[in-house]
Chemist: 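Before anything else, here's the structure in question.
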Protein chains: 2
Amino acid sequence: MSEETGLDRIDFAILRLLTKDAWLSNKQIAAEVGLAPSSCHERIKSLRARGVLLGAHAEVNLQVIGFALQAVLFVQLGKLSIEVVDDFVSATAAVPEVRGVFLVSGRTDLIVDVAVRDMQHLKTVISEHFNRHAVVLRVETSVVFNRQQQHGMPLP
Amino acid sequence: MSEETGLDRIDFAILRLLTKDAWLSNKQIAAEVGLAPSSCHERIKSLRARGVLLGAHAEVNLQVIGFALQAVLFVQLGKLSIEVVDDFVSATAAVPEVRGVFLVSGRTDLIVDVAVRDMQHLKTVISEHFNRHAVVLRVETSVVFNRQQQHGMPLP
DNA sequence: TCATATTTTCGAAAACTATTCGATTGACGA
DNA sequence: TCGTCAATCGAATAGTTTTCGAAAATATGA
């Protein structure tokens with residue numbers, strides 16, 4: 001068991017499997033990692049209880065439900081307190097079209113990943129949720145041509 | 001049933017529940033959407049078969065496994081063919097530390113979201129996978145201070 | 001409008017899986 | 001070496017998923 005994390009080789013194997021496919025059965029995982037189903041079940045329960053496994057989310061094909069356009073917004077904010085900025089980040093994340101928000105260092109403050117139906121919809125989202133907001137100084141928009149997301153573990 | 005998507009109100013309810021928590025049982029979902037378990041099961045099977053539901057991924061606490069630092073890389077590429085660029089996007093997505101890659105329009109070509117252990121690790125990743133690569137003209141790095149991800153449906 | 005075809009839903013049975021629990025094993029420090 | 005503790009196991013139970021034929025609802029066409 002690694003002293004760093006409190007997780008051993010088998011825990012990592014379980015995490016790797018579940019990040020690849022959260023719908024694997026406990027029985028299948030147990031077989032893959034070489035444990036009895038009851039032991040594997042105990043480990044997964046423990047990983048959840050310790051806050052290592054945070055949950056699982058199904059992935060839907062956004063094209064199919066009519067969200068054909070993706071964009072990235074580079075948002076510049078005014079000089080604000082940390083509290084105001086963090087609140088704006090949370091408010092932004094709560095917008096249904098927003099898939100992700102990053103508060104970053106550098107020339108831009110916020111990077112916002114949005115999924116929309118079309119250009120008209122994109123215009124509406126930017127106008128309603130960013131340009132209208134007093135804390136926002138400037139929004140630069142980039143269209144996403146290609147995108148790849150990695151859901152697995154960041155270990156080779 | 002919506003003619004646009006081939007999905008009705010109940011399908012959307014199922015998708016909303018599963019994107020929030022992919023570990024909900026079929027029985028629970030059936031109860032929430034007001035169907036018999038067998039009918040609900042049939043719908044979920046169909047959503048998978050039609051490519052609407054693409055899969056599910058467990059979410060792990062990256063801090064706990066030692067990935068304490070997140071960064072966004074803004075990568076500028078040379079004038080290249082679409083094929084070469086798409087290949088580079090795929091190669092980038094395959095790097096374990098890379099969580100997501102966006103090929104975008106505008107002043108930067110690639111936005112890369114990475115999770116690393118520390119600054120030393122970040123330096124290594126940028127050096128090994130970007131600066132070393134001939135197609136990369138320039139990499140600008142931003143540290144991620146705060147991040148929120150939305151896994152649910154982009155509908156109110 | 002009515003009859004027919006098709007799809008969807010349902011409940012019950014069967015098959016399978018998760019979950020619990022006491023006993024056993026194995027690791028570790030005294 | 002011994003005792004303690006945590007992890008593992010197998011078997012029993014409880015619960016869920018999956019299948020399937022029949023019924024209901026919905027769509028189709030004359």
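Numbered from 1 within each chain, the chains take letters A, B, ... in sequence-line order.
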Chemist: Please check the phosphate of C/dT8 (OP1 and OP2 only) for any side-chain N or O of B/Ser39 closer than 4.0 Å.
Modeler: no

Chemist: Would you say a side-chain N or O of A/Lys45 is under 4.0 Å from OP1 or OP2 of C/dA18?
Modeler: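 Result: no.
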
Chemist: What is the distance, to the nearest angstrom, from the CZ atom on A/Arg50 to the P atom on D/dA6?
Modeler: 13 Å

Chemist: When you measure from the side chain of A/His41, which nucleotide among C/dA18, C/dT8, D/dA7 comes out closest?
Modeler: C/dA18

Chemist: Separation of B/Arg43 atom CZ from D/dT17 atom C1', in whole Å?
Modeler: 18 Å

Chemist: Kindly point out which of C/dT20, D/dT8, C/dC10 is positioned nearest to the side chain of B/Ala36?
Modeler: C/dC10

Chemist: Just checking, is any N or O donor in the side chain of B/Ser25 or B/Gln28 under 3.5 Å from an acceptor N or O on the other one?
Modeler: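 Present: a donor and an acceptor within the cut-off.
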
Chemist: Indicate if A/Leu110 and A/Val136 have the same hydrophobic cluster label, given that clusters are the connected sets of ILVMFWY residues with side-chain heavy-atom separations under 4.5 angstrom.
Modeler: yes

Chemist: Without decimals, in angstroms, what is the distance between A/Glu42 CD and D/dA6 C1'?
Modeler: 11 Å

Chemist: From CD1 of A/Ile14 over to P of D/dA7, roughly how many Å is that when rounded to an integer?
Modeler: 12 Å

Chemist: Would you say A/Leu80 and A/Leu77 make side-chain contact, with heavy atoms under 4.5 Å?
Modeler: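 The answer is yes; the side chains approach within 4.5 Å.
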
Chemist: When you check the side-chain N and O atoms of B/Glu97 and B/His129, is any donor under 3.5 Å from an acceptor?
Modeler: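 Absent: no donor and acceptor within the cut-off.
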
Chemist: Pairing donors with acceptors under 3.5 angstrom, does anything connect the side chains of B/Thr108 and B/Glu140?
Modeler: no

Chemist: Provide, to the nearest angstrom, the distance between the CG atom belonging to A/Asp8 and the P atom belonging to C/dA27.
Modeler: 13 Å

Chemist: Below 30° counts as parallel, above 60° as perpendicular, anything between as tilted: where do the rings of B/His57 and A/His151 land?
Modeler: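 Correct class here is parallel.
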
Chemist: Does any residue of residues 17-32 of chain B have a heavy atom under 4.0 Å from DNA chain C, and if so, which ones, in number order?
Modeler: none

